[in-house]
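Accompanying notes for the structure given below.
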Amino acid sequence: MTDTASSLVLTNVGFQFDHPECVAWGPDGMAYAGGEAGQLYRFPLSGGTLEEVARVEGGFMQGMALDAEGNIYACDDRSRCVHRITPHGDVSTYSTGTAEQRMRMPNYPVFDATGHLYVSDSGDWAARNGFIWKVAPGGKAEIWDRQANGFTNGMCLSPDGRHLYVVESTPPLVSRVAIKPDGSAGQREIVVELPRSVPDGVAFDVNGDLYISLYNPNIIYRLTTAGELQTLIDDWEQL
């Protein structure tokens, strides 16, 4: 493991949020985040003002993803569903799971190129009963994978779209599940183990490096394409 944190500086976007669990980038060039009281925020990264697009009473917005038309799909672990929120703030329920199994703790959504939405369902802490939903365009859901079950958390697609990378917060690691040509789940593989930590989110950059954010301690790692785990940010005062 190498340390690159000394060459990086964090800056504050200058807005006040209410426990934003996720940040997503929209096709309109704006950033989006959720709030602990069901808020959906939209904001620019430079200049402008913070806007509250919508508020779901009794909700707590977790991970979110946007489609090409700018609709927001937000996980809500209190309402136990995925909301669809239009750019104008109209809220509807996109998916609650199936008749046999309702969503329990929807945490993070990821779109693939065909419009299917993968949703992590964390389950209970340390119980290894999490799983991943796959929601077809229109909202019909099925349980897609039960292998990545260690408090299934943040997710992202690999750059080639052939694997779904998954944070399993306990035990602390990042795994990946192959996406077969027919769309079904293939074999799960461990990508990197992160002992004595609680990993939370993952994202790829344009170079194919994987960024891993931790809930505890306050660290962001970068896993390079060469397999080197670098400490990108390690500063509790900045985070």
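- Linking Ile, Leu, Val, Met, Phe, Trp and Tyr whenever their side-chain heavy atoms come within less than 4.5 Å leaves Tyr118 and Ile143 in two separate clusters.
- Remark: Tyr215 OH is loosely packed, at most 12 non-hydrogen atoms of other residues, nucleotides or ligands lying under 6.0 Å away.
- Between the side chain of Ser169 and the backbone N or O of Pro199, at least one donor-acceptor pair lies under 3.5 Å.
- One finds the CG atom of Leu223 at 12.0 Å from the CG atom of Leu232 (value rounded to the nearest 0.5 Å).
- Within a 6.0 Å radius of CZ in Arg78, other residues, nucleotides and ligands contribute more than 12 heavy atoms.
- The two atoms that bring Cys75 and Pro109 nearest to each other are SG-CD, 3.7 Å, heavy atoms only.
- In this structure, the side chains of Leu40 and Met64 come closer than 4.5 Å at one or more pairs of heavy atoms.
- Distance alone, capped at 3.5 Å, is enough to place a donor-acceptor pair between the Thr152 side chain and the Ala148 backbone.
- Put simply, the residue from Asp124, Asp77, Asp121 that forms a salt bridge (charged side-chain N to carboxylate O under 4.0 Å, His left out) with Arg104 is Asp121.
- A distance of 10.5 Å separates CD in Gln62 from NE2 in His83, rounded to the nearest 0.5 Å.
- A pairwise comparison of heavy atoms in Leu164 and Met155 identifies CD2-SD, 3.8 Å as the closest pair.
- The line from CZ of Arg222 to CD1 of Ile233 is 10.0 Å long, rounded to the nearest 0.5 Å.
- With sequence neighbours left out, the side chain to side chain contact (heavy atoms under 4.5 Å, CB included) criterion links Arg102 to Arg80, Thr96.
- Annotation for Ala126 and Thr170: closest pair N-CG2, 3.4 Å, computed over non-hydrogen atoms.
- Asn216 is linked by a side chain to side chain contact (heavy atoms under 4.5 Å, CB included) to Val198, counting only residues two or more places apart in sequence or in another chain.
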**Asked** Under the side chain to side chain contact (heavy atoms under 4.5 Å, CB included) criterion, do Gln230 and Thr224 qualify, and how do the steps go?
**Response** CA-CA 8 Å; Gln230 301 175 341; Thr224 69; 3.7 Å; yes

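- Here OH of Tyr41 is found 5.0 Å from CG of Asp18. Values are rounded to the nearest 0.5 Å.
- Asp76 contributes a side-chain N or O that, together with a main-chain N or O of Phe60, makes up a donor-acceptor pair within less than 3.5 Å.
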**Asked** Are Asn207 and Thr225 close enough, and set up right, to give a side chain to side chain contact (heavy atoms under 4.5 Å, CB included), and what steps lead you there?
**Response** CA-CA 8 Å; Asn207 299 316; Thr225 55; 5.9 Å; no

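- With hydrophobic clusters built from ILVMFWY side chains whose heavy atoms lie under 4.5 angstrom apart, Tyr108 does not share a cluster with Leu117.
- Looking at heavy atoms from C-beta onward, Ile72 lies out of side-chain contact with Arg42 at the 4.5 angstrom threshold.
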**Request:** Go through the steps for Cys156 and Leu210 under the test side chain to side chain contact (heavy atoms under 4.5 Å, CB included), then give the verdict.
**Result:** CA-CA 10 Å; Cys156 65; Leu210 182 68; 4.0 Å; yes

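- By the rule that hydrophobic residues join a cluster once side-chain heavy atoms approach within less than 4.5 Å of another member, Val202 and Leu157 end up as members of separate clusters.
- Looking at heavy atoms from C-beta onward, Ile179 lies in side-chain contact with Trp144 at the 4.5 angstrom threshold.
- No donor-acceptor pair closer than 3.5 Å links the side chain of Ser95 to the backbone N or O of Val82.
- For the residue pair Pro87 and Gly70, the shortest heavy atom distance occurs at CG-O, 3.5 Å.
- When all heavy atoms of Gly48 and Pro44 are compared, the pair lying nearest together is CA-CG, 3.8 Å.
- Between Trp125 and Met105, the closest side-chain pair of non-hydrogen atoms is not below 4.5 Å.
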**Message:** Using the rule given for side chain to side chain contact (heavy atoms under 4.5 Å, CB included), can you reason through Met30 versus Glu51, listing the C-alpha separation, both sets of side-chain angles and the distance that settles it, and then say yes or no?
**Reply:** CA-CA 11 Å; Met30 302 286 279; Glu51 177 187 3; 5.6 Å; no

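- Residues Gln39 and Glu36 approach most closely at OE1-N, 3.3 Å, considering heavy atoms.
- In this structure, the side chains of Val166 and Arg188 stay at 4.5 Å or more apart for every pair of heavy atoms.
- Ile212 and Ile190 are members of different hydrophobic clusters when ILVMFWY side chains are connected at heavy-atom separations under 4.5 Å.
- Looking at heavy atoms from C-beta onward, Ser197 lies in side-chain contact with Pro217 at the 4.5 angstrom threshold.
- Salt-bridge formation is not detected for the pair Lys134/Glu142: no Lys NZ or Arg NE/NH1/NH2 atom is positioned less than 4.0 Å from an Asp or Glu carboxylate oxygen.
- For Tyr73, the ring pair (Phe, Tyr, Trp, His ring centres under 6.0 Å) criterion is met by Tyr94, Phe111, not counting sequence neighbours.
- Side-chain contact between Phe17 and Phe43 is present, with heavy atoms from C-beta onward closer than 4.5 Å.
- Note on Tyr165: it clusters hydrophobically with Leu194, by side-chain heavy-atom contacts below 4.5 Å among ILVMFWY residues.
- Of the possible donor and acceptor atoms, none in the side chain of Ser79 sits under 3.5 Å from a partner among the backbone N and O of Cys81.
- The line from CD of Glu21 to CE of Met61 is 12.5 Å long, rounded to the nearest 0.5 Å.
- Remark: Glu193 CD to Ser175 OG distance equals 10.5 Å, nearest 0.5 Å.
- Side-chain contact annotation: Thr114 with His116, donor-acceptor N/O pair under 3.5 Å present.
- Within the 4.5 Å cutoff, side-chain heavy atoms of Gln187 are placed close to those of Gln147.
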